[in-house]
Number of protein chains: 4
Amino acid sequence: MGNVDKSDYSNEHVAYTPPPLTPEEEKELEKMYAEMDALHMKPLWNQIGGLMPNAPTPQAVAHKWEWEKIHALAARSGDLVPVGRGGERRAIGLANPGLGGPTYIAPTLWAAIQYLAPGENAPEHRHSQNAFRFVIEGEGVWTVVNGDAVPMKRGDFLITPGWAFHGHHNIATKPMAWLDGLDIPFAYQMDTGFFEYGSEKLTDESTPEHSRSERLWAHPGLRPLAFPGAHSSSPIGRYAWEHTDAALNDQLSLEDAGFPGVVAPGHAAVRFTNPSTGNDVMTTIRAEFHRLRPGAETTPIHEVGNRVFQVFEGSATINIGDETFEVKHGDVVNVPSWQKWSVGAGSEGVDLFCFSDHPIFEALGLNRTFTPEGI
Amino acid sequence: MGNVDKSDYSNEHVAYTPPPLTPEEEKELEKMYAEMDALHMKPLWNQIGGLMPNAPTPQAVAHKWEWEKIHALAARSGDLVPVGRGGERRAIGLANPGLGGPTYIAPTLWAAIQYLAPGENAPEHRHSQNAFRFVIEGEGVWTVVNGDAVPMKRGDFLITPGWAFHGHHNIATKPMAWLDGLDIPFAYQMDTGFFEYGSEKLTDESTPEHSRSERLWAHPGLRPLAFPGAHSSSPIGRYAWEHTDAALNDQLSLEDAGFPGVVAPGHAAVRFTNPSTGNDVMTTIRAEFHRLRPGAETTPIHEVGNRVFQVFEGSATINIGDETFEVKHGDVVNVPSWQKWSVGAGSEGVDLFCFSDHPIFEALGLNRTFTPEGI
Amino acid sequence: MGNVDKSDYSNEHVAYTPPPLTPEEEKELEKMYAEMDALHMKPLWNQIGGLMPNAPTPQAVAHKWEWEKIHALAARSGDLVPVGRGGERRAIGLANPGLGGPTYIAPTLWAAIQYLAPGENAPEHRHSQNAFRFVIEGEGVWTVVNGDAVPMKRGDFLITPGWAFHGHHNIATKPMAWLDGLDIPFAYQMDTGFFEYGSEKLTDESTPEHSRSERLWAHPGLRPLAFPGAHSSSPIGRYAWEHTDAALNDQLSLEDAGFPGVVAPGHAAVRFTNPSTGNDVMTTIRAEFHRLRPGAETTPIHEVGNRVFQVFEGSATINIGDETFEVKHGDVVNVPSWQKWSVGAGSEGVDLFCFSDHPIFEALGLNRTFTPEGI
Amino acid sequence: MGNVDKSDYSNEHVAYTPPPLTPEEEKELEKMYAEMDALHMKPLWNQIGGLMPNAPTPQAVAHKWEWEKIHALAARSGDLVPVGRGGERRAIGLANPGLGGPTYIAPTLWAAIQYLAPGENAPEHRHSQNAFRFVIEGEGVWTVVNGDAVPMKRGDFLITPGWAFHGHHNIATKPMAWLDGLDIPFAYQMDTGFFEYGSEKLTDESTPEHSRSERLWAHPGLRPLAFPGAHSSSPIGRYAWEHTDAALNDQLSLEDAGFPGVVAPGHAAVRFTNPSTGNDVMTTIRAEFHRLRPGAETTPIHEVGNRVFQVFEGSATINIGDETFEVKHGDVVNVPSWQKWSVGAGSEGVDLFCFSDHPIFEALGLNRTFTPEGI
């Protein structure tokens, strides 16, 4: 719906005021409500304020997970919990404190730290849920996606689109941890998820420097004739850090030279895209990388949908609603729907990985933004 | 993802078997789980079977609401509960018994019976949630959508796309009840909902035979030059019964003459569409009308997504999973995601209105079907 | 490219001025040009002004064909020229006086008057060229398109999309003449045309009141479930006059009531569309019907692409460039690309059928308009 | 229309046989034809065979232009013809011998050799015609497109989308020649062309190693957030040879390793695409680069539309219809619509640049292919 004016952003609802009733009418009413209950019916007039608020009132809350702490726990689980069929992955989900039981960082999104020790294998499986990995540090793991061995190195962004078989193994001498992102909560709540086991052993144990997907598709503006048409998910399995870094540097150098390029002053940003369409890498998940110069600040904005940030390098202050989060390398912070947010870079600037569920709402025409200070 | 083979449709998951641990290790593990809990983390290995089942395991259950009973209760509420600002509508939601507290007929969809007595007005408001009405019987109500007075008569299907102001009034001498359908649960769980009050009084109190939207857009294959481009929701506010009925009759007469037209033997069906795109009337809700000849049966099918049926005329048997529902005029039945379903028409045949959330999953490439008996 | 400012609409080009040359250089130059010629090369600098004018300089000219005269000649050909295999159709093309030899009304479009006497059959064939017919008067002919017998009556617009087999027969007691429109010149110049003979006798000799295509698809906003997806051409074979007439009347009555609907004051207009997409009926041809109240005038406009008008009822003045054409029932007038045009209705108003090649240029992003007086 | 069976590919037409006429009738007929002529009418029955052939019968013929010869002539024109306003460019068009007067290599396409001596400037202008340049050899020229200085080096493919201002200058010590491709004939015949002068001097005289367009957009799978949406033409101004070369090598190495990648055995190929959509670089022109291993051959195919090849390195035999062309570095050969063609690589293999008008026909659903030997 695009940007909206301020009048749309109030959060008040007139409470339903039942009319004055005689004691008998009161009794009748209660009896009627009981009968409705027995018939699995429930009146709108008693619940409309909660069910249809003037603006989104997410149960999810903004929260920060500190990398040092979650990484330490992941390492401990490496000693105590094996990786293998059944549990499938040594992945520890980040559970939004506002969402109660389930391990959802947002109503649509799952984020987890995954940990793989030297020599370990995570067996192959596939699921209709879309997945990606972002490598905050380290190297030595290859993820095998539909038989294509994809290296995972610091700064890389990797995707495993829904229904692609995949497993991982660590061939290095050190353990490795990374961020996993999936649309598990969306699939679970919407009842769209399918899951299937694959090979116990990885179907390709080679350790190439580049995945086959990169060799076919990661050449700028060029597509292989052998694979025509629009692919629903990106055919690029790995977005190597060197390209992301170069693209961001180029934007900042264009800004230095006085040319368009950055999304806002001091703020370079790229979106990871599907080269066969120019759209998001997967239908339910958007992924971006932002680089802010020291001291740069983003414009506060309300958006329908959820964002999750992970700091790659540097430090920043992330403001969400009335809260302020100081973040550094590896820290993860989520922004619930329609909470005003902004980022201010620390004294060395900040490199921020970010993913969101915005493509879901754009596909359905439900996206909306509001910038209280104008743009 | 289209149709899938049977191997995809099993529902077993290997349970995660923790390794044998020493008592000390066991203690360590418990301590670690507690620390994770304190940090708002939760391991995947303990929950993957529930969270990522082999095929959807909806909490929603199939259920039937009998028109006679829900209509009787709606009528009683007409005596006890006024319609006005705050409660907004005399609408009583059908609450899926499997979904606990909230009034959801499905994780994405709301269905309610709305009741308006002679002379009553439901005040104007708007919300980002998409809405429609299907008129099972009666007439005399006009719904005013963005200032356009739309008549509601037996068999009509009417839409109120998100963010359109709307109110209703009954100018007849009898009360009128109809089925409301919205994507309230989707908006609520996804935190996309906005709501705003409009005029207390209806902005147009005229009672034309056809809405302006019909006069502009309900001419087959013709579009007004004054409104170019693709509209995100259908510009037709009312799909009058006479057209639906004629389209279904035409399909059956083509079948009688040996020509293509019906979707399956003895089974005519139309989809309500947006004439500016040929797509569904709204981005989140699909609506169809099915007419089965006496004794005709549909092929059992599993589908991702939820359907809700309401019988318009005649009678039918609806099979869902292992259950069987006998339905007649006005009865409402829902089919949860991936539950096998089929309909068999009774001895006079059946006219069935149907709505679903399928467009959501098609837009995201998450749709999937399976016909155990083949097609 | 949308609307452009006036600065884009000038038509001057600086002529190439060769430098002063010595007689020897002159000789050298001529020798070089001759060698180029021998090698099938031609310098741009000598021809750029003509080849790349500042704005389109069509060879086609605006022209009027009077119905009385072309109809009289068509009738005479009915006595002298039989219809049958080889010649295929008793169709007489309207040849733009500016386009020299070939029978093109425009560089992209063919228009012809076709004439069929009582009892005559035009045998079946198919071609990749898209075709339509507009019935200026009369009835009694059925066109059979892919085996579907489609009635042709006064005011009807009928399509025969590329590669559909089709033939016609006249079962009435009077001859019938109508306007044929095709993209023959485009196919010929672009080398895209294919042609194939079909049945000598019509494959369906029935004379139903409605074609099967109408019974399936000509119900407003409803589509048959049996034929999913986007069809490249409209699945409606016949746009019956009663619907066109009603749609135009509805727009004018909305204008009378003070509501949006007409494209401009006193000017109602509909586009014939493909109900499966909301787009034009065929990829290369747009068709519209315009109704102007007595005295109403359209805003002068320049457009990339060609239009052809045929007056259905009433009379009008059509201004094209510096010319003025007085037109009445059946008269045909064409507007070459980028020639400023406007229509003014006569004292009884005017009903105008119109077709154009605009979809070609819109598909390629080559459309452009300019309204000298603003809009 | 996709691939078709052989029955569609015949080229016979039954000639129209006029009926036996009496001398008087004959006279009548001639009189009628004369009257038609006077009224600018022309019967279809006399011309249908030529106008609507069974398959395309292009007037364009296959032809080879030898680089050595056309380059030598271009060099001579460098001595005799200055570059400047009016003539605009020292470009010499390749005129298809079958197309008579105008300098068209195909009914839709223009191809020219452009030549710029050291120190020369081609002044800025813009036109709605789409343009590209392919650099067969040399370096030292920068083309300035909408103020962005774009280097031109051996193997580079560069685009100048319609309506972008552009000029060129040569800052090297040697002259430079390259291939220009435009849709001038399409624009001319369709009357869609606009042209405007720009700055006499280049608006940016810098000589950067990479254009700004590359720094923004030529990072694989990454797009700058500052430029959202689908761009109608590619935002990449220069497709540098190093990327094209690497992509082709990667395909062949994947073939060596037994993996998918090449379009056919021994045949690597990439398409230059618009990264914001995955589609062709411009709406009317497709560009590709093909690399065939020594001795590799392509499958003979008929296609609607025109191709032009230029050999970059190596040698090949190009078969078109019944003709055979031996080609080496720089030679240009065109394939008319629907002429069967194939390429066989010479003993060192061949690198082939190729452009075509196929996107025009795909956009309109007029594309069609036929492989006589199957695929």
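Lettering of chains follows the sequences in order, A, B, ..., and the numbering in each one begins at 1.
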Checklist entry - Can you say whether C:Pro228 sits under 4.5 Å from chain B via the side chain, the backbone, both, or neither, judging by heavy atoms? => result neither
Checklist entry - Tell me, side chain or backbone of B:Leu222 under 4.5 Å from chain C's heavy atoms, or both, or neither? => result both
Next on the checklist: Under 4.5 Å from any heavy atom of chain B, what part of C:Val270 do you find: side chain, backbone, both or neither?
Outcome noted: both
Checklist outcome for this item: Applying a strict 4.5 Å limit to non-hydrogen atoms, the region of B:Tyr239 in contact with chain C is side chain
Next on the checklist: Under a 3.5 Å cutoff, is there a donor and acceptor pairing between the side chains of B:His210 and C:Asp250?
Outcome noted: no
Next on the checklist: Heavy-atom cut-off 4.5 Å, strictly under: side chain, backbone, both or neither for C:Phe272 against chain B?
Outcome noted: both
Next on the checklist: At a heavy-atom distance under 4.5 Å, which candidate from C:Gly221, C:Ala218, C:Ala269, C:Ala240 has the highest pair count against chain B?
Outcome noted: C:Gly221
Next on the checklist: Report which part of B:Phe227 has an atom under 4.5 Å of a heavy atom belonging to chain C: side chain, backbone, both, or neither.
Outcome noted: side chain
Checklist outcome for this item: Honestly, the part of B:His290 sitting under 4.5 Å from a heavy atom of chain C is side chain
Item to check | chain B contact via C:Leu254 - side chain, backbone, both or neither, heavy atoms under 4.5 Å | outcome: both
Checklist outcome for this item: In terms of heavy-atom pairs under 4.5 Å with chain C, the winner among B:Leu225, B:Leu248, B:Val263 is B:Leu225
Checklist entry - Ignoring hydrogens and geometry, is there a side-chain-to-backbone donor-acceptor pair from C:Arg223 to B:Gly278 under 3.5 Å? => result yes
Checklist outcome for this item: So CG of B:Asp204 and CZ of C:Phe259: to nearest 0.5 Å the spacing works out to 6.0 Å
Item to check | Considering all heavy atoms, the nearest B:His243-C:His219 contact | outcome: O-ND1, 4.1 Å
Item to check | Contact class of B:Ser234 relative to chain C, heavy atoms under 4.5 angstrom | outcome: neither
Item to check | Taking every non-hydrogen atom, the tightest pair across B:Ala226 and C:Gly261 | outcome: CB-O, 3.4 Å
